[in-house]
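Please read the structure below before turning to the comments.
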Protein chains: 2
Amino acid sequence: MEFLQATYHLDGGPDSMRDLAAAVLLEQTNETPRSVGLRYPFVRNHLTGHAGKPIPTPEGGFLVTLSLPTETASADPAQFLNVLFGNSSLHRNVRLVDFELPDSLKHLFHGPSFGIEGLRVRFGIMERPLTASALKPVGMTPPELASLCRTFAEGGIDIIKDDHFLGDHHFCPFEDRVLCCMEAVNEVVARTGRRSAYVPNLSGTPDQILRQLEWVQKRGVAAVMVAPMLVGLPFFYDLARRWCDVPIIAHPSFSGTSRIEPAALLGKLFRLFGADAVIYVNYGGRFSYPQDKCMAVADALRKRCPPFRCAFPVPAGGMTVDRAEELIETYGRDTILLIGGSLLEAGKDLLSRTKLFTRAVEQSVAALPTS
Amino acid sequence: MEFLQATYHLDGGPDSMRDLAAAVLLEQTNETPRSVGLRYPFVRNHLTGHAGKPIPTPEGGFLVTLSLPTETASADPAQFLNVLFGNSSLHRNVRLVDFELPDSLKHLFHGPSFGIEGLRVRFGIMERPLTASALKPVGMTPPELASLCRTFAEGGIDIIKDDHFLGDHHFCPFEDRVLCCMEAVNEVVARTGRRSAYVPNLSGTPDQILRQLEWVQKRGVAAVMVAPMLVGLPFFYDLARRWCDVPIIAHPSFSGTSRIEPAALLGKLFRLFGADAVIYVNYGGRFSYPQDKCMAVADALRKRCPPFRCAFPVPAGGMTVDRAEELIETYGRDTILLIGGSLLEAGKDLLSRTKLFTRAVEQSVAALPTS
């Protein structure tokens with residue numbers, strides 16, 4: 001019998017560990033007093049799962065791995081999350097650290113539709129890291145955004161994406177924005193022959209997002225951005241699997257990762273649910289994440305794990321041009337470097353700073369071992 | 001100019017507070033270096049917001065209230081969450097504590113379609129708290145669940161709801177389960193004349209849930225249960241506003257409330273997005289929540305806040321029959337008391353323990369002041 005193996009960090013002393021592990025196991029299996037579950041042979045034999053030995057961690061607390069029944073988890077993607085970290089997310093002393101998907105649950109997921117290879121082919125860049133920047137601040141008009149697009153494209157940025165705050169605002173309506181930005185980028189591409197793409201942010205209810213998606217796909221958009229935790233993971237799953245014909249870049253907004261380990265949420269779940277590239281906050285930026293947690297996100301996104309395609313890590317959140325070389329050394333080729341605000345700060349020197357960025361990427365990669 | 005007022009708890013010493021508050025303000029307004037935002041008059045004048053004075057809290061850290069621009073938040077319900085706690089949820093030292101919706105944002109929300117009054121009318125119970133129990137454990141067959149339904153209905157339970165783990169499983173398909181459970185409850189109601197209702201759990205992608213909803217509404221279901229954080233708040237919003245003709249009971253699974261104050265997430269957001277009743281984990285149960293936080297959830301759900309209907313608090317998570325009186329004294333009439341596992345533990349005495357529960361509710365309410 002196969003199990004979904006999920007590892008939790010439990011906060012507390014050694015005396016309470018066995019009870020706490022048993023409580024979490026109960027919560028994530030059948031959430032019923034043990035004596036009640038035991039009355040039903042099917043529940044007893046198939047749906048109770050079991051808890052591994054609690055292992056103390058250097059920073060305090062314990063790690064415990066639970067074997068959770070795949071039969072309960074397999075009904076649908078929301079139910080999968082329910083079994084993984086439903087009620088236990090309400091335990092203040094429990095964090096989800098990691099999970100291993102058994103073969104028997106793989107059919108539930110599709111993973112990235114394009115992944116690293118598909119995105120590379122689409123952009124025609126097979127060897128080096130991709131570069132990305134963001135259109136912001138929110139409040140700019142479509143022509144102002146288009147002008148930024150033009151400069152970024154002339155500076156050689158591959159992926160020119162909307163800031164996650166760009167919605168369908170009265171001061172910058174979605175369709176106007178997309179038309180202006182696509183036209184600006186396409187004009188530069190036609191002139192220079194260098195491929196760049198504008199990537200719009202989709203936001204709203206499922207209906208609103210599906211309408212936006214249909215509209216941009218008809219106009220030949222190269223990729224889209226969505227925040228899976230804002231729109232809901234089960235809808236994101238459907239979007240990636242059924243509706244979206246282009247790669248999806250996932251944004252981490254609303255993901256409040258302290259209760260789920262970033263590598264498990266952004267690295268594993270976002271990939272399983274269909275993200276082709278995942279933006280996350282990098283070490284040394286505006287958010288204080290340690291380097292090992294950031295590397296763990298990248299590792300989870302790129303780990304060979306058939307049948308799922310690998311997804312691009314997109315370290316971001318206050319990156320600067322002078323760190324391009326270091327980031328490439330750290331993350332290697334299969335990375336998208338996203339620098340937004342630090343480029344925009346250049347003001348009238350935006351084009352030259354953008355070129356510094358894209359050249360730095362081209363040069364650093366020459367120093368990498370051939371893949 | 002009106003603002004969305006949001007209050008955050010910031011962890012840190014007094015020296016870092018001003019910078020941290022400014023960082024969160026930037027993140028939740030235009031997420032761009034200040035010098036860049038200032039270049040655009042519309043951004044400068046309308047979209048920068050401002051931070052209040054940090055106030056130290058007795059348990060450490062500071063509370064700071066930010067005035068966030070409604071113009072950015074108003075585009076759609078996902079964008080509203082984005083502005084409220086998008087990127088800042090990634091700050092490990094920031095928690096969303098509370099928010100106040102300005103009048104100019106009220107048009108975005110519909111709130112509960114039924115609320116306390118509507119649910120009371122539907123169940124024909126105008127004066128006393130409602131009683132609820134849960135069908136579990138997952139793994140029972142439809143006839144086994146129907147048998148539980150029958151006993152609960154005979155015992156006088158008003159709302160007989162699915163456990164949140166009941167999905168569309170091969171061992172208990174959704175449609176079979178709903179038919180068996182509705183039939184069992186209806187048979188008892190026809191015989192005794194006492195109103196009870198079976199409330200199915202809806203789970204899956206938006207498409208799956210809309211199919212389930214349509215199917216159960218055609219068969220005259222009285223209410224449904226959904227976990228808003230599992231399915232995604234923007235979809236929940238649409239479900240409540242556009243698709244659902246019956247009251248919705250919200251389940252807290254996957255809501256990991258430590259990063260958003262329970263009263264703000266379960267009390268305010270779930271209500272704004274359309275929940276008619278909200279299940280949350282009560283003090284003294286399986287989850288260690290302090291009483292004041294639980295009361296704050298109930299207060300937020302029931303606070304007069306036109307044009308939004310009030311929603312029922314449903315304290316749960318390990319409640320027992322002997323606490324019914326205390327819970328009613330604490331929460332008053334406008335409450336749904338949910339007792340699941342503790343009833344089921346009675347085994348062959350389930351009917352008599354259920355009757356103890358429903359009679360305790362009827363008796364305690366006589367002691368309450370007339371509303």
Side-chain angles (χ1 to χ4, degrees), chain A residues 23 30-33 35-37 40 42-43 46-47 71-72 75-79 81-82 85-87 89-92 136-140 163-165 167-169 171 203-208 230-235 237-238 252-259 281 286-288 341 344-345, chain B residues 23 30-33 35-37 40 42-43 46-47 71-72 75-79 81-82 85-87 89-92 136-140 163-165 167-169 171 203-208 230-235 237-238 252-259 281 286-288 341 344-345:
Chain A
N30 56 54
E31 200 222 359
T32 311
S35 63
V36 177
Y40 303 90
F42 180 65
V43 176
H46 292 272
L47 302 186
E71 301 239 36
T72 333
D76 67 66
Q79 175 67 3
L81 298 172
N82 217 349
F85 200 48
N87 273 6
S89 76
L90 304 169
H91 277 298
R92 288 145 78 92
K136 55 186 183 179
V138 60
M140 295 172 72
D163 181 50
H164 71 295
F165 269 149
D168 190 10
H169 289 111
F171 49 81
S203 174
T205 62
D207 275 2
Q208 289 172 322
L230 274 182
V231 306
L233 281 169
F235 171 59
Y237 167 96
D238 234 20
S253 182
F254 205 56
S255 67
T257 47
S258 78
R259 300 274 294 165
V281 295
R286 297 200 308 276
F287 303 80
S288 51
L344 298 172
E345 277 183 312
Chain B
N30 56 53
E31 198 222 2
T32 311
S35 62
V36 178
Y40 302 91
F42 180 66
V43 175
H46 292 271
L47 303 185
E71 301 240 36
T72 333
D76 68 65
Q79 175 67 4
L81 298 172
N82 216 348
F85 200 48
N87 273 6
S89 75
L90 304 170
H91 277 298
R92 288 145 79 90
K136 57 185 182 178
V138 60
M140 294 171 75
D163 182 49
H164 70 295
F165 268 149
D168 190 9
H169 289 111
F171 50 80
S203 174
T205 62
D207 275 2
Q208 290 172 321
L230 274 183
V231 306
L233 280 168
F235 171 59
Y237 167 97
D238 233 21
S253 182
F254 204 57
S255 68
T257 48
S258 77
R259 300 275 293 167
V281 295
R286 295 200 309 274
F287 302 80
S288 51
L344 298 172
E345 276 182 312

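Quick caveat: nothing in here was measured; it's all calculated off a predicted structure. Just so we're on the same page: letters track the sequence lines, and every chain starts at 1.
- Distance NE2/B:His169 to CD/A:Gln79: 4.0 Å, rounded to 0.5 Å.
- Taking CG of B:Asn87 as the start and OG of A:Ser253 as the end, the distance is 5.0 Å to the nearest 0.5 Å.
- Put simply, of B:Gly341, B:Gly139, B:Pro77, the one with the most heavy-atom pairs under 4.5 Å next to chain A is B:Gly139.
- For A:His164, the parts lying near chain B are the backbone and the side chain together; criterion is any non-hydrogen pair under 4.5 Å.
- Side chain of A:Lys136 to backbone of B:Glu31: a donor-acceptor contact under 3.5 angstrom is found.
- Contacts of B:Thr205 with chain A are made by both backbone and side-chain atoms, with heavy-atom separations under 4.5 Å.
- Both the backbone and the side chain of B:Phe235 have a heavy atom closer than 4.5 Å to some heavy atom of chain A.
- Looking at B:Val281, the atoms closer than 4.5 Å to chain A (heavy atoms on both sides) all sit in the side chain, from C-beta outward.
- Both the backbone and the side chain of B:Leu230 come within less than 4.5 Å of a heavy atom in chain A.
- In this structure, chain B has a heavy atom under 4.5 Å from the side chain of A:Ser35, while its backbone stays farther away.
- Rounded to the nearest 0.5 Å, atoms CE (A:Met140) and OG1 (B:Thr32) are 9.0 Å apart.
- In this structure, the portion of B:Gln208 lying under 4.5 Å from any heavy atom of chain A is its side chain and not its backbone.
- With a 4.5 angstrom heavy-atom cutoff, A:Phe42 touches chain B only via side-chain atoms.
- Of the listed residues (A:Gly167, A:Pro252, A:Ser203), the one with the most heavy-atom contacts under 4.5 Å to chain B is A:Ser203.
- Contact tally against chain A (heavy-atom pairs below 4.5 Å) for B:Ala78, B:Gly232, B:Gly86: the top residue is B:Gly86.
- For the set B:Asp163, B:Val36, B:Asn82, B:Asp207, the entry with the most heavy-atom pairs within less than 4.5 Å of chain A is B:Asn82.
- With respect to chain B, the highest number of heavy-atom pairs below 4.5 Å among A:Phe165, A:Phe254, A:Tyr237 belongs to A:Phe165.
- The two residues A:Pro137 and B:Gly37 have their closest heavy-atom pair at CG-CA, 4.2 Å.
- The two residues B:Leu90 and A:Ser255 have their closest heavy-atom pair at CD2-OG, 3.2 Å.
- In terms of non-hydrogen atom pairs under 4.5 Å with chain B, the most contact-rich of A:Asp238, A:Leu233, A:Asp168 is A:Asp238.
- Contact of A:Leu47 with chain B is made through the side chain alone, with heavy-atom distances under 4.5 Å.
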